[in-house]
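The next block holds one structure in the form of structure tokens; read it before the comments.
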Amino acid sequence: MRGEIDEIDSELVRLFCRRMDTVRAVAQYKSEHGLPVFHPERERKVIEKVSARAGKEYGTGAGVLFQTIMDISKSYQHIQLSGERGARLRAQIGAALGSGATLPKKARVACQGVPGAYSHEAARQMFPSPDLSFCGQFEDVFEAVRSGECDYGVLPIENSSNGSVTRVYDLLRDYRLTICRSYKLPVNHCLLTSGETDLQKLTDIYSHEQGLGQCSQFLRQNPQLRVHIYRNTAAAAKFVADCGSATAAAIASEECARLYGLTVAARDFQNARQNFTRFICMSRELIIEPGANKISLSLTLPHTAGSLYRLISRFAAQSLNLTKLESRPLPDTDFEFLFYFDFEGSVREKPVLDLLCSLQEELGHFEFLGNYKG
Ligand SMILES: O=C(O)C(=O)C[C@]1(C(=O)O)C=C[C@@H](O)C=C1
């Protein structure tokens, strides 16, 4: 029976290739006549016809099979048509690749918080000897880079247990900066007190909302604690040190205990043993370092059935691994969303560059946020 299946498969492959050859001619025709690649009505009819022909038993399967075939067909057509597309993005990426720029060891770097903040540690990991500026808010970091006061800005973007730092996503939309590197920092929170403290007597706890979220189990087990959201974990530690109260504690790094003279009352204090925060480094100019293996995009999609599915299928058709999909509401709209995509890939590969250039031409809003080492 395997022999028969092999025979059928080779016949299917022959027909698939013949279909794709025809699709190439269709793409040419569409290009000459300025027609869109996607023709929803035609797809609906194809699915209807093949499902009916396959009968009750196999109709659904045939529908799925032909939807996949048509997704591959569209992806191929887009690649065929991408040669002249996206000239602006092609030029921008070409210039960045041509410049061969990399991140310097020493640079003016902005990060949020005060010394001892996790952003501080991430900045040190990305730049061995940074000239650091500490900012009060995430927005100040973006502003410092935009204005040229700093060359780079280091910001947390997501945590492995508590999810996205949504404020940073929204600022990515407002400030047209690019991502030039990312770093995954292991985050092991400590409970810090000023001096030896009886934990039963604690009344107040201070941290950034991400730190509090990552330690939510402890907070649930101790409902008597008043929770205070602070701008930053290290700023919370500094506050506890400054106030010197025996009933206050902060959730912050061990480094903060050393910097602010606090006592480590508990270590590895977060819900998840494996706890990482991913930080991104922002720059004004597009920098694509050698070995860049991750790409970030933001885009909008029309509110029509299957638009997100069709977009994702174009990544699947090129075996591109999507590592993150985030959506944020667009202010002043009736539930419109901005989608953020991260995927593994390099613009040095032509099919990837072609896909990005096609998307830039096709979508109402499309932003290439960077290709960096992830
Ligand atoms: O018929 C077309 O217009 C095509 O481009 C071919 C095809 C297909 O592969 O069958 C591909 C994309 C369209 O959305 C519909 C059908």
Side-chain angles (χ1 to χ4, degrees), residues 5 7-87 89-90 295 297-322 325 327 336-339 341 343 345 349-368:
I5 287 182
E7 225 175 89
I8 295 167
D9 285 352
S10 63
E11 186 64 4
L12 283 174
V13 170
R14 194 183 62 74
L15 290 173
F16 171 72
C17 295
R18 191 176 140 204
R19 191 182 199 281
M20 291 301 277
D21 286 344
T22 312
V23 159
R24 188 169 40 205
V26 171
Q28 186 59 36
Y29 178 89
K30 287 187 171 175
S31 163
E32 285 163 13
H33 294 80
L35 297 170
V37 167
F38 181 41
H39 194 307
E41 186 50 25
R42 168 72 183 159
E43 291 201 8
R44 202 188 51 72
K45 282 196 179 132
V46 170
I47 301 283
E48 204 176 86
K49 201 160 56 186
V50 297
S51 303
R53 197 168 284 165
K56 202 160 173 277
E57 186 80 1
Y58 305 125
T60 310
V64 172
L65 174 67
F66 274 78
Q67 185 60 67
T68 305
I69 288 175
M70 288 190 287
D71 290 341
I72 296 167
S73 155
K74 287 194 292 284
S75 168
Y76 183 65
Q77 292 190 47
H78 282 299
I79 292 168
Q80 294 297 307
L81 301 178
S82 68
E84 333 79 69
R85 288 186 167 181
L89 182 59
R90 236 173 249 283
I295 294 176
L297 314 171
S298 71
L299 51 90
T300 55
L301 288 168
H303 256 307
T304 51
S307 66
L308 179 59
Y309 165 77
R310 274 191 302 280
L311 181 78
I312 289 176
S313 74
R314 290 174 64 181
F315 289 91
Q318 289 199 28
S319 303
L320 294 169
N321 182 25
L322 286 174
L325 175 53
S327 64
E336 302 280 336
F337 290 88
L338 186 61
F339 292 99
F341 282 80
F343 65 99
E349 290 160 22
K350 189 175 175 308
V352 174
L353 180 61
D354 286 346
L355 173 63
L356 299 184
C357 290
S358 295
L359 295 179
Q360 191 199 40
E361 290 258 320
E362 292 161 40
L363 300 172
H365 169 95
F366 174 88
E367 200 80 41
F368 170 66

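As the structure lists them, so they are numbered: ligands from 1, and atoms in each ligand from 1. Numbers for residues simply follow the sequence, beginning at 1.
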Count the heavy atoms belonging to other residues, nucleotides or ligands that lie under 6.0 Å from OH of Tyr309, then report whether that count exceeds 12. yes

Salt bridge between Asp354 and Arg90, side-chain N to carboxylate O under 4.0 Å? yes

Can you tell me if Val46 has a non-hydrogen atom under 4.0 Å from ligand 1? no

Quiz question: by atom type and distance under 3.5 Å, do the side chains of Gln67 and Glu43 form a donor-acceptor pair? yes

Looking at Arg44 and Glu41, does any basic side-chain N land under 4.0 Å from a carboxylate oxygen? yes

Pairing of Glu362 and Arg314 as salt bridge, 4.0 angstrom limit: yes

Numbered in order shown, the ligand 1 atoms found under 4.0 Å of a heavy atom of Val26 are 4 (C), 5 (O)

For atom 2 (C) of ligand 1, closest protein heavy-atom neighbour: Lys30 NZ, 3.4 Å

Proximal atoms of ligand 1 relative to Lys74 (non-hydrogen, under 4.0 Å): 12 (C), 14 (O)

Please list the nearest protein heavy atom to atom 1 (O) of ligand 1 with its residue and the distance rounded to 0.1 Å. Arg42 CG, 3.5 Å

Look only at the side chain of Lys30 and the backbone of Val37, and say whether a donor-acceptor pair between them is shorter than 3.5 Å. yes

Residue-level breakdown please: for Val37 versus ligand 1, do any non-hydrogen atoms fall below 4.0 Å on the side chain, on the backbone, on both, or on neither? backbone

Among protein heavy atoms, which sits nearest to atom 6 (C) of ligand 1, and what does the distance come to when rounded to 0.1 Å? Gln77 NE2, 3.9 Å

Is there a donor-acceptor pair closer than 3.5 Å between any side-chain N or O of Ser307 and the backbone N or O of Pro302? yes

Students should be able to answer this: which protein heavy-atom is nearest to atom 10 (O) of ligand 1, and at what distance? Arg19 NH2, 2.8 Å

Taking the basic N atoms (NZ, or NE/NH1/NH2) and the acidic carboxylate oxygens, is any pair closer than 4.0 Å for Asp71 and Lys74? yes

Give me the residue, atom name and distance of the protein heavy atom closest to atom 11 (C) of ligand 1. Ser73 OG, 3.3 Å

min-distance protein heavy atom vs atom 15 (C) of ligand 1 -> Glu43 CG, 3.6 Å

Distance filter under 4.0 Å to Phe38 heavy atoms, resulting ligand 1 atoms: 14 (O)

